[in-house]
There are 2 protein chains.
Amino acid sequence: MKQISTRFSMAVHILSLIAVSSNELTGDFIAGSVNTNPVVIRRIMGMLKKAGLLEVRPGVGGAALLKTPEDITLLDVYRAVNVIDDSQLFRVHEDPNENCQVGRNIEMVLQSELSEAQSAMELRLAQTNLSNLISRFE
Amino acid sequence: MKQISTRFSMAVHILSLIAVSSNELTGDFIAGSVNTNPVVIRRIMGMLKKAGLLEVRPGVGGAALLKTPEDITLLDVYRAVNVIDDSQLFRVHEDPNENCQVGRNIEMVLQSELSEAQSAMELRLAQTNLSNLISRFE
DNA sequence: CACCGTTGTAACCATTATAGTTATATCTAA
DNA sequence: TTAGATATAACTATAATGGTTACAACGGTG
């Protein structure tokens, strides 16, 4: 299956770096830690900016968190970076046959269960914040 | 983001149809209810067979469940159909910089949180079985 | 036995998301 | 003004998905 994009884990990496570091970091330095191309980093940082998690100083460089590490949960990051139209993790096949009892009902009944499962996952993500993560680094 | 494949919802559809129907169904009939190509249905039914949820009578046609609808959970179907190598929902970027405190630790610390979130979702899927779904059809 | 409808697969294709890359415009402080 | 940084567009290779065609194999029925 197609897994959830590494944008998410890279975003957590970026935010952790900024939180841990005392001085301001450039995109190129972050790219070196994540081990990818600086443009990929800037792209993700753009999403984090749009979500209000980050501010970046253009021109001179350097980024800072807009919330404390305690106030940034994994769910915040997940939402900032996994930009889905309807933010639905599961996709249900479209246009089943309405003349069939199953086809007529499957979408609504199943969708409600899948939303519950998605919520369970997101609830768990919301229980971990950046501060929790960082405290476990050695 | 790339969402979870409709193979999953189609598989639930297929199993529901078989569970609801008294007589044996052909792949073509099921394809008509799901509203897709019969080969897509056969492909998914192949996965459900491999997972031990279904048996199919080749030649003559017709399929039957190998477990009762009470004993088939959404998690069973999800696992049967979302064949991932390591069955990890989340993907973490590879080869971060080991010379950096964050790069050195991010993978293990984050992976453990993500596994928890995935488990929360799967646990919820396991709480719903085919019988639950069917009983809600009108 | 021959036929016909079915299942089982392989092969191919168009579409889409991802992650990386190059190139260029813009910004800010020195 | 310049150096170094961000912002963004455009392009690429790769991979998963879902649909399609084609064909082999199976198994009752006539």
Side-chain angles (χ1 to χ4, degrees), chain A residues 1-11 13-14 18 23-32 34-51 54-64 78 81-96, chain B residues 1-11 13-14 18 23-32 34-51 54-64 78 81-96:
Chain A
M1 199 211 56
K2 195 72 183 181
Q3 296 161 286
I4 288 173
S5 164
T6 56
R7 274 203 310 273
F8 179 31
S9 71
M10 289 197 221
H13 189 143
I14 292 169
I18 296 171
N23 48 343
E24 301 235 317
L25 308 172
T26 69
D28 279 38
F29 177 86
I30 298 177
V34 173
N35 189 24
T36 184
N37 191 291
V39 176
V40 174
I41 296 297
R42 286 201 280 263
R43 207 142 54 188
I44 296 173
M45 286 175 82
M47 297 181 189
L48 296 174
K49 265 197 316 185
K50 204 170 284 179
L54 206 63
E55 97 186 323
V56 179
R57 302 224 312 262
V60 55
Y78 175 82
V81 148
N82 275 271
V83 264
I84 331 177
D85 311 327
D86 50 358
S87 72
Q88 296 287 306
L89 178 61
F90 295 93
R91 209 154 75 81
V92 174
H93 57 288
E94 295 174 341
D95 297 321
Chain B
M1 200 212 53
K2 195 74 182 180
Q3 298 162 287
I4 287 174
S5 164
T6 56
R7 276 203 309 273
F8 179 30
S9 70
M10 291 196 224
H13 190 142
I14 292 168
I18 297 173
N23 47 344
E24 304 236 312
L25 308 172
T26 69
D28 279 39
F29 177 88
I30 298 176
V34 174
N35 189 23
T36 185
N37 192 289
V39 176
V40 174
I41 297 297
R42 279 180 242 158
R43 210 141 52 185
I44 296 174
M45 287 175 82
M47 298 179 188
L48 297 174
K49 266 197 313 184
K50 205 170 283 180
L54 207 64
E55 97 189 321
V56 180
R57 302 223 313 259
V60 55
Y78 176 82
V81 148
N82 274 271
V83 264
I84 331 176
D85 310 327
D86 49 359
S87 72
Q88 296 286 308
L89 178 62
F90 295 94
R91 209 154 76 80
V92 174
H93 58 289
E94 296 173 338
D95 297 321

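By convention in this document, chain letters (A, B, ...) are assigned in the order of the sequence lines, proteins followed by strands, and residues within each chain are numbered from 1.
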Open item on the list: Considering every strand and a 4.0 Å limit on heavy-atom distances, what is the contact class for A:Arg43: base, sugar-phosphate, or nothing?
Closed with: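 Touches a base.
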
Open item on the list: Using a heavy-atom cut-off of 4.0 Å across all strands, would you classify B:Gly62 as base, sugar-phosphate, or nothing?
Closed with: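 Touches sugar-phosphate only.
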
Task: Set of ring pair (Phe, Tyr, Trp, His ring centres under 6.0 Å) partners for A:Phe29, sequence neighbours left out - done: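 A:Phe29 satisfies ring pair (Phe, Tyr, Trp, His ring centres under 6.0 Å) with no other residue.
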
Open item on the list: Suppose we screen for ring pair (Phe, Tyr, Trp, His ring centres under 6.0 Å). Which residues come up paired with B:Tyr78, at least two apart in sequence or across chains?
Closed with: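 Per chain and number, B:Tyr78 pairs via ring pair (Phe, Tyr, Trp, His ring centres under 6.0 Å) with B:Phe8.
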
Mind calculating the distance between [atom1] ([X]) and [atom2] ([N]) to the nearest angstrom?
| X | N | atom1 | atom2 | answer |
| --- | --- | --- | --- | --- |
| B:Lys49 | D:dC26 | NZ | P | 12 Å |
| A:Glu24 | D:dA5 | CD | C1' | 12 Å |
| A:Met47 | D:dT6 | CE | P | 17 Å |
| A:Lys50 | D:dA7 | NZ | C1' | 11 Å |
| B:Gln3 | D:dG18 | CD | C1' | 14 Å |
| A:Ile18 | D:dT6 | CD1 | P | 10 Å |

Open item on the list: Could you tell me if the side chain of A:Met45 sits less than 4.5 Å from the side chain of A:Val56, heavy atoms only?
Closed with: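 A side-chain contact under 4.5 Å exists here.
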
Open item on the list: Can you list everything that forms a salt bridge (Lys or Arg N to Asp or Glu O under 4.0 Å) with B:Glu24? Sequence neighbours excluded, please.
Closed with: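 By the salt bridge (Lys or Arg N to Asp or Glu O under 4.0 Å) rule, B:Glu24 matches B:Arg57.
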
For [X] versus [Y], what's the shortest heavy-atom pair and its separation?
| X | Y | result |
| --- | --- | --- |
| A:Leu89 | A:Ile4 | CD1-CD1, 4.2 Å |
| A:Ala63 | A:Leu54 | CB-CG, 4.5 Å |
| B:Ser9 | A:Val92 | OG-CA, 3.4 Å |
| B:Ser5 | B:Asn82 | N-OD1, 4.5 Å |

Open item on the list: Any N or O donor-acceptor pair under 3.5 Å from the base of D:dG28 to the side chain of B:Arg57?
Closed with: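 For B:Arg57, whose side chain was compared with the base of D:dG28, there is no donor-acceptor pair (under 3.5 Å).
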
TODO: Please identify each residue that fulfils side-chain contact (heavy atoms from CB on, under 4.5 Å) with A:Pro38, with sequence neighbours left out.
DONE: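 Checked A:Pro38 against side-chain contact (heavy atoms from CB on, under 4.5 Å); matches are A:Asp28, A:Ala31, A:Arg42.
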
Task: N or O in side chain of B:Thr6 less than 4.0 angstrom from D:dG18 OP1/OP2 - done: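 Yes, B:Thr6 has a side-chain N/O under 4.0 Å of OP1/OP2 on D:dG18.
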
Task: Phosphate OP1/OP2 of D:dT17 contacted by A:Arg91 side-chain N/O (<4.0 Å) - done: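 Result: no.
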
Task: Terminal contacting nucleotides, 5' and 3', DNA chain C versus chain B (heavy atom, 4.0 Å) - done: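 It runs C:dG5 to C:dA19.
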
Open item on the list: Both A:Gly59 and B:Gly61 contact DNA chain C. Which one's nearest nucleotide lies toward the 5' end?
Closed with: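 Result of the comparison: B:Gly61.
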
- [ ] Under 4.0 Å from any atom of DNA chain D, heavy atoms only: list the residues of residues 35-42 of chain B that qualify, in numerical order.
- [x]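 B:Thr36, B:Asn37, B:Val39, B:Val40, in order of number.
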
